[in-house]
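Some notes on the structure that comes next.
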Amino acid sequence: MDTDELMRRLFELYPDGCTVDVREPFFALISTVMSHRTRDDVTYPAAKKLFERFSTPEEMVEANVEDIEELIRDVGFYRVKAGRIKEISRILLEDYNGKVPDDMETLLKLPGVGRKTANCVLAHAFLKEDALAVDTHVHRISNRLGRVVTKNPEETEMELKKLLPQKYWRHVNILLVKFGQNVCRPISPRCGICILNDICPKILL
DNA sequence: AAAACGGGGGC
DNA sequence: GCCCCAGTTTT
């Protein structure tokens, strides 16, 4: 199967793309920071709840950190993340005119923002064609399919960029996270309902 | 290179 | 009740 057919099947499975409203840069940034080591179905409701109360860097800076902690209490590392949310908001206002930066180098300066988070913001909010965010789902599934054999996410990003046409790069994360959650799960994958069952070598299961 | 952060959900 | 999970920072 070529990569176009592989991506076509994934797009067919998830035609709506992302459930989270990640087109708005500040929401994309904060919700992605909140998502670290926390599942999407827990992160999304918590992020919505937070933004119903505070939705701009100004409001986050004004808010009591205890109030932010309470609003995002359901996600893992919530105290650390509440502090990062306030610090990120302060830096955005002081250094970047209250706007989320749209380049990798600047995003990486923000606390709690690493390569995966920066790529998510660039791909999902700024629609950058050269951003491919590799998390544990993308890393695991890419290796299971036998298309890449890598030790860490950064290697996976390089290998996938060699393998996939660039027009797909920014969609890979959303599609494979959904696929990784619902089908190609870390433990006990549901190979019986998998649309890629016919081409999967089922190694490393 | 490894520890630390951490509550929710699947089993 | 036990184990793992959309990473990043610190030791």
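Naming: A, B, ... by sequence-line order, numbering from 1 per chain. In this text the structure is predicted, and so the values were computed from the model without any measurement.
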Within the sub-3.5 Å range, which N or O atoms of nucleotides 8-10 of chain B have a protein N or O partner, and how far apart are they?
from	atom 1	to	atom 2	distance (Å)
dG8(B)	OP1	D74(A)	OD1	3.3

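The shortest side-chain heavy-atom distance between H137(A) and L175(A) does not fall under the 4.5 Å cut-off. Two residues are said to be in side-chain contact when any heavy atoms from C-beta on lie closer than 4.5 Å; N143(A) and T156(A) meet this criterion. Within the 4.5 Å cutoff, no side-chain heavy atoms of S31(A) are placed close to those of Y44(A). Between V134(A) and N119(A) there is no side-chain heavy-atom pair separated by less than 4.5 Å.
Backbone-only contact: V80(A) has heavy atoms under 4.0 Å from sugar-phosphate atoms and none from a base. S188(A) comes within 4.0 angstrom of no nucleic acid atom, judged by non-hydrogen atoms across all strands. Nucleic acid contact class of T43(A) (heavy atoms, under 4.0 Å, all strands): none.
Rounded to whole angstrom, the span from the NE2 atom of H36(A) across to the P atom of dA6(C) amounts to 12 Å. The nearest whole Å value for the distance from the CE atom in M34(A) to the C1' atom in dC5(B) is 16 Å. The distance from atom CZ of R170(A) to atom P of dA6(C) is 22 Å, rounded to the nearest whole Å. F77(A) has its CZ atom 14 Å from the P atom of dT10(C), to the nearest Å. Atom OH of Y78(A) is separated from atom P of dG7(B) by 6 Å (rounded to the nearest Å). Look at CD on E69(A): it is 11 Å from P on dG7(B), rounded to the nearest Å. In this structure, CZ of R115(A) is placed 14 Å from C1' of dG7(C), rounded to the nearest angstrom. Distance CZ (R37(A)) to P (dA3(B)): 14 Å, rounded to an integer number of Å.
Within residues 81-92 of chain A, no residue places a heavy atom under 4.0 Å from DNA chain B. Listed by residue number, the members of residues 150-160 of chain A with any heavy atom below 4.0 angstrom from DNA chain B form an empty set.
Only the C1' atoms considered, dA1(B) is 24 Å distant from dA6(C), to the nearest whole Å. The P atoms of dT11(C) and dG6(B) are separated by 15 Å, rounded to the nearest whole Å. dG9(B) and dT8(C) are spaced 23 Å apart, taking the P atom of each and rounding to whole Å.
Enclosure of atom CD in E62(A) is not indicated, since only 12 or fewer non-hydrogen atoms of other residues, nucleotides or ligands lie within 6.0 angstrom. Summarising the local packing, CD of E129(A) is surrounded by more than 12 heavy atoms from other residues, nucleotides or ligands at distances under 6.0 Å.
Residue T117(A) places at least one side-chain N or O under 4.0 Å from the OP1 or OP2 atom of dT8(C). Not one side-chain nitrogen or oxygen of T38(A) sits closer than 4.0 Å to the OP1 or OP2 atom of dA6(C).
Across all their heavy atoms, R147(A) and I199(A) have their closest contact at NH2-CD1, 4.2 Å. Nearest heavy-atom pair across R144(A) and C184(A) is NH1-SG, 3.1 Å. In this structure, R53(A) and E59(A) approach most closely via the heavy-atom pair O-OE1, 4.1 Å. Nearest heavy atoms, N197(A) versus C191(A): ND2-O, 3.1 Å.
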Its dot-bracket string being built from Watson-Crick and G-U pairs below 3.5 Å, with | for another strand and [ ] for crossing, DNA chain B has the pattern |||||.|||||
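In summary, E159(A) and K162(A) engage in a salt bridge, as defined by a charged side-chain N under 4.0 Å from a carboxylate O.
How far CG of L122(A) is from CE of M104(A): 5.5 Å, rounded to the nearest 0.5 Å.
Residue pairs meeting the salt bridge (Lys or Arg N to Asp or Glu O under 4.0 Å) criterion with at least one member in residues 107-122 of chain A, sequence neighbours excluded: R115(A)-E157(A).
Nearest-nucleotide positions on DNA chain C place I187(A) closer to the 5' end than the other of V113(A) and I187(A). The 5' end of DNA chain C is approached more closely, in terms of each residue's nearest nucleotide, by D135(A) than by the other of L108(A) and D135(A).
Every residue meeting the ring pair (Phe, Tyr, Trp, His ring centres under 6.0 Å) condition with F26(A), not counting sequence neighbours, appears here in chain and number order: F51(A).
The aromatic rings of F11(A) and H171(A) stand perpendicular to each other, their planes meeting at an angle above 60°, with 30° marking the opposite boundary.
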